Protein chains: 2
Amino acid sequence: MFQRYTCIEEGVEMGKSQVKNNIRKLRFNHDEMTQEQLAKKVGVTRQTIIAMESEKYAPSLELAFRIARIFGVPLEEVFYYTPEDE
Amino acid sequence: MFQRYTCIEEGVEMGKSQVKNNIRKLRFNHDEMTQEQLAKKVGVTRQTIIAMESEKYAPSLELAFRIARIFGVPLEEVFYYTPEDE
DNA sequence: TAAAAATGTAAAGAAGTATTGACATAATGT
DNA sequence: ACATTATGTCAATACTTCTTTACATTTTTA
């Protein structure tokens, strides 16, 4: 066994997801929207935005839709799948 | 009030998600692919397919991408967001 | 250069998603 | 009718995403 995620000695090492995003770029293209403002608009905390931007994990599908909607673009213009990691 | 989630007396009642999908249709349009076959192709269990088709919950973004890829269509052709419930 | 605003990090716990296994019902074929 | 295949349900557990709180660092602006 073991396993799909890089585990290091102590603690649980998070696997980075294979879904990438352009949130940061999109924020800047939208009047330099801050993480805080985006968080509020989509109804999550700033932590969640940070985690997504730093790709610690991918958002839920529902949250992905809400974010795309805020930026007024289709979901696949914000998020994209990179299997096998490039 | 009330409320996005139907909560019943005892136990936790699952809220249905606001993300809908065409998985069932797509399966049939693809040579009547069974739940089992789809599950195997995208690398999840049959339970997960059942839960998504019956909209008990929406998949993760990554799984959504994998499913769309199997059917050879863009993600938004499989899943769509219906805020406020239609 | 000091205050304020924006971003980053960490960790515990809640909520949501996925797995496993066991069994029930429906549909298809022989 | 019987066996087989496909679908559905339930429940426990594991894993992933999101929240909350609190504090550290960087960037911006007065």
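All of these numbers come straight from a predicted model, not from anything done at the bench. Every chain is numbered from 1, with letters handed out A, B, ... down the list of sequences.
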Starting at [atom1] of [X] and ending at [atom2] of [N], how long is that distance when rounded to a whole Å?
X: K56(A); N: dT7(C); atom1: NZ; atom2: P; value: 15 Å
X: I49(B); N: dT17(C); atom1: CD1; atom2: C1'; value: 13 Å
X: E55(A); N: dC18(D); atom1: CD; atom2: P; value: 14 Å
X: Y57(B); N: dA14(D); atom1: OH; atom2: C1'; value: 12 Å
X: I23(B); N: dG8(D); atom1: CD1; atom2: P; value: 12 Å
X: R24(B); N: dA6(D); atom1: CZ; atom2: P; value: 13 Å
X: M52(B); N: dG16(C); atom1: CE; atom2: C1'; value: 14 Å
X: I50(B); N: dG21(C); atom1: CD1; atom2: C1'; value: 13 Å

Partners passing side chain to side chain contact (heavy atoms under 4.5 Å, CB included) against A58(B) (at least two apart in sequence or in another chain): S17(B), V19(B)

Side chain to side chain contact (heavy atoms under 4.5 Å, CB included) involving K25(A) - partner list, sequence neighbours excluded: N22(A)

Hey, what are the protein-to-nucleotides 26-30 of chain D N/O distances that come in under 3.5 Å?
none

Looking at every heavy atom in both [X] and [Y], which two are closest together, and how far apart are they?
X: Y81(B); Y: F65(A); result: CB-CG, 3.6 Å
X: G43(B); Y: R66(B); result: O-NH2, 4.2 Å
X: E77(A); Y: L26(A); result: O-CD1, 4.4 Å
X: A68(A); Y: P74(A); result: CB-C, 4.1 Å
X: R69(B); Y: P83(A); result: NH1-CG, 3.5 Å

S60(B) (side chain) donor-acceptor with S60(A) (main chain) under 3.5 angstrom: no

Side chain E55(A), main chain N21(A), donor-acceptor under 3.5 Å: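 Flag set: sc E55(A) to bb N21(A) pair under 3.5 Å.
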
Sugar-phosphate, base or nothing in reach of A58(B), heavy atoms under 4.0 Å: sugar-phosphate

Five-pair end axes of the helix from dT1(C)-dA30(D) to dT30(C)-dA1(D) and the angle they enclose, rounded to 10°: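 End-to-end axis angle for the helix from dT1(C)-dA30(D) to dT30(C)-dA1(D): 50°, rounded to 10°.
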
Interatomic distance, T45(A) atom OG1 to I50(A) atom CD1 [nearest 0.5 angstrom]: 8.0 Å

Sole candidate of T48(B), I23(B), V44(B) that passes side-chain contact (heavy atoms from CB on, under 4.5 Å) when paired with L38(B): I23(B)

Residues touching DNA chain C, which here means a heavy atom under 4.0 Å, drawn from residues 29-48 of chain B: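 Those residues whose heavy atoms fall under 4.0 Å from DNA chain C, taken from residues 29-48 of chain B in numerical order, are G43(B), V44(B), T45(B), Q47(B), T48(B).
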
N/O (side chain, R27(B)) to phosphate O (OP1/OP2, dT7(D)) under 4.0 Å: yes

OP1 or OP2 of dA18(C) under 4.0 Å from side-chain N/O of S60(B):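 Checking S60(B) against dA18(C): at least one side-chain N or O falls below 4.0 Å of OP1 or OP2.
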
DNA chain D: 5'-proximal contact among E62(B) and E53(B) (nearest heavy atom): E53(B)

Show the atom names and distances, to 0.1 Å, of all donor-acceptor pairs under 3.5 Å that link a side chain in residues 28-36 of chain A to residues at least two apart or in another chain.
from	atom 1	to	atom 2	distance (Å)
T34(A)	OG1	E36(A)	N	3.4
T34(A)	OG1	Q37(A)	N	3.0
Q35(A)	NE2	E53(A)	OE1	3.3

